[in-house]
Amino acid sequence: QVQLVESGGGLVQAGGSLRLSCAASGRTFRSYAMGWFRQAAVKEREFVATINRNARDTYYSDSVKGRFTITRDNAKNTVDLQMNRLKPEDTAVYYCALQPLGIVQETSPRRYVNWGQGTQVTVSS
């Protein structure tokens, strides 16, 4: 199985930026769309962003559109999430995951697999 590891989380002030990275192990990374999700304390996992196999298309939740940017480097087997103008409501554990069907508009976490362990992002006001 492809295994994913997230990194880059931390504590920032509102309006600041963070860049998260998801590193994948495996030879079939390019076969999948990739997604970022987040889960705040006592809340359900929430869709953040997806990117298709060849990085030709992306999709974002309304809450992050215009502030976050998802990118991928298939040669390095990594997917990044650049987060700008962070808000306290962005505080959550952020996860990356695979979507085998490659549908960039897929927002349901049920359609994603191989979840990483997550990285904590905390935004102070």
Side-chain angles (χ1 to χ4, degrees):
Q1 294 184 359
V2 176
Q3 297 184 357
L4 306 176
V5 179
E6 303 94 337
S7 63
L11 174 64
V12 298
Q13 291 184 311
S17 299
L18 281 175
R19 187 176 184 88
L20 306 183
S21 183
C22 174
S25 62
R27 297 178 179 179
T28 60
F29 176 77
R30 291 177 291 179
S31 299
Y32 305 101
M34 299 294 298
W36 281 98
F37 291 76
R38 64 187 182 186
Q39 187 168 15
V42 305
K43 294 184 178 180
E44 295 182 345
R45 195 157 296 187
E46 175 190 16
F47 169 76
V48 175
T50 50
I51 187 166
N52 76 345
R53 297 177 177 119
N54 296 316
R56 293 191 181 100
D57 197 14
T58 57
Y59 190 70
Y60 299 90
S61 70
D62 290 340
S63 62
V64 307
K65 190 174 183 179
R67 299 188 298 120
F68 292 10
T69 303
I70 185 172
T71 56
R72 70 188 297 164
D73 186 336
N74 289 338
K76 296 181 178 179
N77 283 4
T78 57
V79 179
D80 289 359
L81 185 70
Q82 178 65 46
M83 305 185 296
N84 299 325
R85 305 195 303 279
L86 284 161
K87 304 174 181 179
E89 50 263 44
D90 295 319
T91 295
V93 177
Y94 283 72
Y95 300 88
C96 63
L98 304 173
Q99 193 218 117
L101 294 178
I103 302 172
V104 73
Q105 297 89 356
E106 181 59 69
T107 63
S108 173
R110 301 174 186 172
R111 304 294 181 88
Y112 290 78
V113 297
N114 291 49
W115 297 89
Q117 67 181 43
T119 184
Q120 175 70 50
V121 172
T122 303
V123 184
S124 63
S125 59

**Asked** Tell me, do R38 and S63 make a side-chain contact under 4.5 Å, heavy atoms counted?
**Response** yes
**Prompt:** In terms of heavy-atom contacts, does CD of Q3 have more than 12 from other residues, nucleotides or ligands at under 6.0 Å?
**Reply:** no
**Prompt:** Does CZ belonging to R111 count more than 12 external heavy atoms closer than 6.0 Å?
**Reply:** no
**Message:** Between R30 and N74 (side chain of the first, backbone of the second, donor and acceptor by atom type, cut-off under 3.5 Å), is there such a pair?
**Reply:** no
**Item:** Q105 atom CD, neighbour heavy-atom count above 12 within 6.0 Å
**Value:** yes
**Prompt:** Between OG1 of T69 and CG of L81, what distance do you get to the nearest 0.5 Å?
**Reply:** 8.0 Å
**Prompt:** What closest approach, in Å, do L4 and A24 show between heavy atoms, and which atom pair accounts for it?
**Reply:** CD2-CB, 3.4 Å
**Message:** With clusters defined by side-chain heavy atoms of hydrophobic residues (ILVMFWY) lying less than 4.5 Å apart, directly or transitively, does M34 cluster with Y59?
**Reply:** no
**Request:** Flag the pair V113 / P100 as yes when at least one side-chain heavy-atom distance between them is below 4.5 Å, and no otherwise.
**Result:** yes
**Asked** Is there a donor-acceptor contact under 3.5 Å from the side chain of E6 to the main chain of C96?
**Response** yes
**Request:** Spell out, as yes or no, whether a donor-acceptor pair under 3.5 Å connects the side chain of R53 to the backbone of S31.
**Result:** yes
**Gap between atom OG1 of T78 and atom CG of D73 - 0.5 Å precision** = 4.5 Å
**Hydrophobic cluster membership, V48 vs I51, 4.5 Å side-chain cutoff** = yes
**Message:** side chain to side chain contact (heavy atoms under 4.5 Å, CB included), that's the test. Do V64 and M83 meet it? Break it down for me.
**Reply:** CA-CA 8 Å; V64 307; M83 305 185 296; over 6 Å; no
**Prompt:** Step by step, would you call C22 with W36 a side chain to side chain contact (heavy atoms under 4.5 Å, CB included)?
**Reply:** CA-CA 9 Å; C22 174; W36 281 98; 3.7 Å; yes
**V79: which of L20, L98, I70, T50 passes side chain to side chain contact (heavy atoms under 4.5 Å, CB included)** = I70
**Item:** Y94 side-chain N/O to G8 backbone N/O, donor-acceptor pair under 3.5 Å
**Value:** no
**Prompt:** Just wondering, are more than 12 heavy atoms of other shown residues or ligands nearer than 6.0 Å to OH in Y60?
**Reply:** yes
**Request:** Return the minimal non-hydrogen interatomic distance between Y112 and A97, and the atom names on each side.
**Result:** CB-CB, 3.7 Å
**Prompt:** Has R19 got more than 12 heavy atoms of other residues, nucleotides or ligands less than 6.0 Å from its CZ?
**Reply:** yes
**Asked** Are V93 and F47 in one and the same hydrophobic cluster, where Ile, Leu, Val, Met, Phe, Trp and Tyr link if side-chain heavy atoms are under 4.5 Å apart?
**Response** yes
**Nearest heavy-atom neighbours spanning S125 and A14** = CA-CB, 4.4 Å
**Asked** Is the ring centre of W115 less than 6.0 Å from the ring centre of F37?
**Response** yes
**Item:** Beyond-backbone contact of N114 with Y32, side-chain heavy atoms, under 4.5 angstrom
**Value:** no
**Message:** For V123, is there any backbone N or O sitting under 3.5 Å from a side-chain donor or acceptor partner on T91?
**Reply:** yes
**Request:** Measure from NZ or CZ of R72 to the centre of the six-membered ring of F29 and say whether it is under 6.0 Å with the direction within 45° of the ring axis.
**Result:** yes
**Prompt:** Between Q82 and N84, is any side-chain donor less than 3.5 angstrom from a side-chain acceptor?
**Reply:** yes
